[in-house]
Amino acid sequence: MEKLAIDGGTPVRTGGFAEWPIFGDLEVQLLKEVIASGKWGGSGAVKNAAYQPKLPELERKFAAMQDASRAISVVNGTVAITVALQAAGVKPGDEVIVPPYTFIATASAALAYGVIPVFADIEEDTMLIDPAKAEERVGPRTKAIIAVHVAGAPANMTRLKEIADRHGLVLIEDAAQAVGARWEGKGVGSIGDLGTFSLQSSKNLTSGEGGMITTNDERYWSNAWSVCNVGRVPNGAWYQHEKIGQNYRMTELQAAVALAQLTRLEEQMRRREANAALLDELLGEIEGVRLLRRDPRMTRHAYHLYIFKLAPELAERVDKDDFCKKVMAEGVPLYGGYVPLNRNEAVIRATKEWTGEERIYDCPICERLCANESVWLTQNLLLSDERAMHDIAMAVRKVIRSY
Ligand SMILES: *Cc1c(COP(=O)(O)O)cnc(C)c1O
């Protein structure tokens with residue numbers, strides 16, 4: 001057997017992977033335009049008549065890309081979720097059904113506004129919210145479901161929409177990881193009532209920080225716009241504040257960077273898709289690896305992450321952290337990923353503060369997969385060349401053989 005790098009053997013890969021973010025002259029040029037215009041913020045007058053503001057252009061292009069009629073730029077993807085809940089009329093004390101396998105912001109954005117997250121378990125083979133489990137969690141206080149397109153894989157929007165309609169619930173898509181993704185040919189963020197996106201540094205379209213809210217509903221759009229603009233109304237007077245809102249605006253500088261990044265997105269998506277397909281092929285041949293199921297209705301996967309699982313018979317006798325550490329030593333950054341949010345102490349405590357009760361939701365599938373089966377690679381690895389995919393598979397195979 002080949003000696004593992006962690007034990008002093010030769011690592012499979014020493015060259016690293018594609019760095020993130022990727023940028024060039026266009027980012028610099030658009031940023032210069034913003035600086036020179038003197039219009040740096042998301043509100044106020046344009047001083048130079050020749051200057052075309054970047055934020056409206058970004059919102060227009062983003063909405064069109066996701067098949068939404070409207071997009072609103074915001075400070076980040078976390079705030080985008082809170083605003084979407086507010087815009088849809090969800091109130092403090094109401095409950096929202098969320099999956100436990102997601103970034104904490106999905107739950108904390110609700111709790112920040114006093115909305116209580118109720119956890120519905122995930123599907124074993126996609127690791128996305130299980131619509132049947134979501135429906136089981138519907139109760140008298142339920143007002144909304146947040147579907148999370150984890151890794152850039154669209155959740156089952158067809159079933160979730162049926163369930164939301166049947167129970168009169170708002171359906172929000174947390175598409176923070178899913179810019180460019182499509183379900184049955186339709187852009188995510190335009191299928192539910194509202195969609196939310198993140199432009200944070202790690203995300204597939206980034207401006208350092210930033211967020212987007214998408215919708216096809218004019219009323220939700222004006223509500224969300226108002227919440228993000230200190231309660232102003234679209235086309236209203238400057239000091240006309242009709243509700244309590246905050247200043248959640250993005251800057252023109254961020255919009256400039258995002259617009260430049262947008263010109264690179266399609267080519268990057270194609271590269272990630274091609275490399276993910278190659279990884280499916282290479283990892284799929286390794287005994288001890290289980291690929292996630294790709295529902296054919298996921299017509300476009302954004303591959304913010306590439307997730308795979310250790311087969312149960314291997315996971316039984318292998319410690320996931322030990323596995324990741326060994327693959328990492330081979331020169332391939334592999335991570336254990338999320339821990340189940342339904343067990344997060346801060347979420348349980350905040351829920352208790354709002355409700356007065358200790359609420360524990362069991363999500364056995366998520367808990368088992370997180371404990372010892374699921375691992376992930378980040379999107380920048382998928383922007384590397386084909387050779388890199390072979391090295392990833394070789395490192396995984398080498399470490400599995402050592403057990
Ligand atoms: C990144 C992320 C968020 C939060 O976005 P920020 O811009 O970092 O606030 C929310 N949900 C999910 C699923 C994310 O991955």
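Since the model is a prediction, treat every value here as computed from it, not as a measurement. The first residue of the sequence shown is numbered 1, and numbering continues consecutively from there. Whatever order the structure lists them in is the order used to number ligands and atoms, beginning at 1.
Less than 4.0 angstrom separates some heavy atom of Asn76 from each of these atoms of ligand 1: 7 (O), 9 (O). Shown in contact with Gly77 at under 4.0 Å from a heavy atom are these atoms of ligand 1, numbered in order with element: 4 (C), 5 (O), 6 (P), 7 (O), 9 (O). Atoms of ligand 1 found under 4.0 Å from any heavy atom of Thr102 (numbered from 1 in listed order, with element): 13 (C). Distances below 4.0 Å separate heavy atoms of Val148 from the following atoms of ligand 1: 13 (C). Short contacts between ligand 1 and Gln200, defined as distances under 4.0 Å to a heavy atom of the residue, involve ligand atoms 7 (O), 8 (O).
Thr215 places no side-chain N or O within donor-acceptor distance of the main-chain N or O of Leu194, the cut-off being under 3.5 Å.
The two residues Val332 and Asp391 have their closest heavy-atom pair at CG2-O, 4.2 Å.
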Start with the C-alpha distance between Asn372 and Val318, add both sets of side-chain angles, then the distance that settles side chain to side chain contact (heavy atoms under 4.5 Å, CB included), and finish with yes or no. CA-CA 8 Å; Asn372 238 6; Val318 167; 6.0 Å; no
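Distances from ligand 1 to the non-hydrogen atoms of Lys203 include at least one value under 4.0 Å.
Looking only at atom types and distance, the side chain of Gln66 has no donor-acceptor partner in the side chain of Ser190 under 3.5 Å away. Checking Trp20 against Ser201 by side-chain atom types alone, no donor-acceptor pair falls below 3.5 Å. Of the N and O atoms on the side chains of Gln254 and Glu209, not one donor lies less than 3.5 Å from an acceptor on the other residue.
Atom 4 (C) of ligand 1 has as its closest protein heavy atom Thr78 OG1, 3.5 Å. For atom 11 (N) of ligand 1, the nearest non-hydrogen atom of the protein is Asp174 OD2, 2.8 Å.
Below 3.5 Å of separation, one finds no N or O of Glu209 facing any N or O of ligand 1.
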